[in-house]
Number of protein chains: 2
Amino acid sequence: MAPALASVEAEASADLIRAAGVKVTRGRVRVLDALHAARQPLSHAEVEARLGDASDPAVDRVTLYRILDSLVACGLALKAVDTRGVFRFSAAGAQRQHANHVHFRCTDCGGVFCLKAEPPPPPRLPRGFRLNEVAFDLRGTCAGCSSRVGV
Amino acid sequence: MAPALASVEAEASADLIRAAGVKVTRGRVRVLDALHAARQPLSHAEVEARLGDASDPAVDRVTLYRILDSLVACGLALKAVDTRGVFRFSAAGAQRQHANHVHFRCTDCGGVFCLKAEPPPPPRLPRGFRLNEVAFDLRGTCAGCSSRVGV
DNA sequence: GCGCAAACGCAACCTTGTTGCATTTAAATG
DNA sequence: CATTTAAATGCAACAAGGTTGCGTTTGCGC
Ligand SMILES: [Mn+2]
Ligand SMILES: [Mn+2]
Ligand SMILES: [Zn+2]
Ligand SMILES: [Zn+2]
């Protein structure tokens, strides 16, 4: 099990990056891997946390910004802004993953939880409005944060 | 034309603020006025620019942030994030209570439109989760932005 | 008018993201 | 494999947008 050499996922990411026509670097492979493994779009800070320990940053902060933008530029990742105004990145192809169900967003920890229920059909829109996406979000405190309220 | 005293619009804004149950201050009146006069949702910087000259700031930067949030909190304004991740504010229509209806959020201009439909009852949550707020948002392009696509 | 909670102004701070520049490296070439 | 070079990286400095803490002022109920 020890991943002494490149894992299968890392090889797949490397191939994607090569096919996209840009240089294959350790940073890009690890970041694209992280995006593929994630169940939700990740912020810069979240990618950073998944890559290296706080003591061993794995990639420089600025380099990570540039890696993320380069993956977007070559079409391997998507960039979108979240409700707090922070950019989030997802591996291309996984973007429609969360279109058909309800989400619970914890206002304490920022965590997103996918619920089983699917959103109801959208109401009729005024003339000229064009619908792109339906977001049915519940906001509150998740189980983890609720339990450690008083510590 | 010289607005030596309070204008008609300022009086209307003051009334709205009073009716919302919060203190009527010069800053709040001027900001709500600016939001009503604007054709598009305004960022903090844009409100600031409309209020005072660069030499005479009219309201403090931090106070303006707090005024904008207070108008949102009492339902007189709506807050949304634009594609750059910057918050934009718009005057709310007749409704002051936005928890009980669906919103359409224009991803082009950041505009928020209150729809008539009310959100469906939330699905059952996993054990330990505490619900605080339900947001049923439709995202897309508003009529105004749709029509000036090619122009 | 008086009193007080609410709002304000100011300084400091934080988070997210960008720019400039010197150094390193992927990978093309021979 | 060695050479070469454009692209990628690391680090420092910077910038915009937004928040926190705290002492002072003010709207407004009495
Ligand atoms: Mn989901
Ligand atoms: Mn920002
Ligand atoms: Zn619009
Ligand atoms: Zn509304």
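All of these numbers come straight from a predicted model, not from anything done at the bench.
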**Request:** Compare all side-chain heavy atoms of B:V81 with those of A:T83 and state whether any distance is below 4.5 angstrom.
**Result:** no
**Request:** For DNA chain D, determine which residues of residues 21-31 of chain A have any heavy atom closer than 4.0 angstrom to one of its atoms, and list them numerically.
**Result:** A:K23, A:T25, A:R28
**Asked** When clusters are formed from ILVMFWY side-chain contacts under 4.5 Å, directly or step by step, what else is grouped with B:V112?
**Response** B:L78
**Asked** Between D:dG10 and A:T63, is there an OP1 or OP2 to side-chain N/O distance shorter than 4.0 Å?
**Response** yes
**Request:** Can you tell me the distance, in whole Å, between the CG atom of A:L42 and the C1' atom of C:dT16?
**Result:** 16 Å
**All salt bridge (charged side-chain N to carboxylate O under 4.0 Å, His left out) counterparts of A:E118, not counting sequence neighbours** = none
**Asked** Rounded to the Å, how far apart are A:I67 CD1 and D:dG10 C1'?
**Response** 11 Å
**Complete:** residues 38-48 of chain B vs salt bridge (Lys or Arg N to Asp or Glu O under 4.0 Å), sequence neighbours excluded, gives B:E46-B:R88
**Complete:** Atom CZ of A:F89 and atom C1' of C:dG17 are separated, to the nearest Å, by 10 Å
**Prompt:** Which pairs pass ring pair (Phe, Tyr, Trp, His ring centres under 6.0 Å) with one or both residues in residues 118-146 of chain A, sequence neighbours excluded?
**Reply:** A:F129-B:F104, A:F129-B:F113, A:F136-B:F136
Nucleotide N/O to protein N/O under 3.5 Å, stretch nucleotides 21-24 of chain D:
residue	atom	partner	partner atom	Å
D:dG21	O6	B:R66	NH1	3.4
D:dG21	O6	B:R66	NH2	3.0

**Request:** Go through the structure and list residues passing side chain to side chain contact (heavy atoms under 4.5 Å, CB included) with B:A117, not counting sequence neighbours.
**Result:** A:P123, B:V102
**Complete:** Taken to the nearest whole Å, NE2/B:H44 to P/D:dA16 is 14 Å
**Request:** May I have all residue pairs that pass ring pair (Phe, Tyr, Trp, His ring centres under 6.0 Å) and include part of residues 72-99 of chain B, sequence neighbours excluded?
**Result:** B:H98-B:H101, B:H98-B:H103
**Request:** Determine which pairs satisfy salt bridge (Lys or Arg N to Asp or Glu O under 4.0 Å) with at least one residue from residues 21-33 of chain A, sequence neighbours left out, and list them in order.
**Result:** none
**Asked** What pairs meet the salt bridge (Lys or Arg N to Asp or Glu O under 4.0 Å) rule with one or both residues in residues 58-78 of chain A, with sequence neighbours excluded?
**Response** A:D69-A:K79
**Under-3.5 Å donor-acceptor pair between B:R61 side chain and C:dG9 base** = no
**Message:** Output the rounded distance in Å from OH (B:Y65) to C1' (C:dC10).
**Reply:** 15 Å
**Message:** Distance check needed: C:dT18 P versus A:D60 CG, whole Å only.
**Reply:** 14 Å
**Request:** Tell me who clusters with A:V62, hydrophobic residues only, linked when side chains sit under 4.5 Å apart either directly or through other members.
**Result:** none
**Fill in**
Rounded to 10°, the angle between the first-five-pair and last-five-pair axes of the helix from C:dG1-D:dC30 to C:dG30-D:dC1 is 40°
**Message:** Working to the nearest 0.5 angstrom, can you tell me the gap between B:L35 CG and B:L76 CG?
**Reply:** 10.0 Å
**Message:** Rounded to whole Å, how long is the line connecting atom CG of B:L68 with atom P of D:dG17?
**Reply:** 14 Å
**Item:** Rounded interatomic separation in angstrom, taking CZ from B:R88 and C1' from D:dA16
**Value:** 14 Å
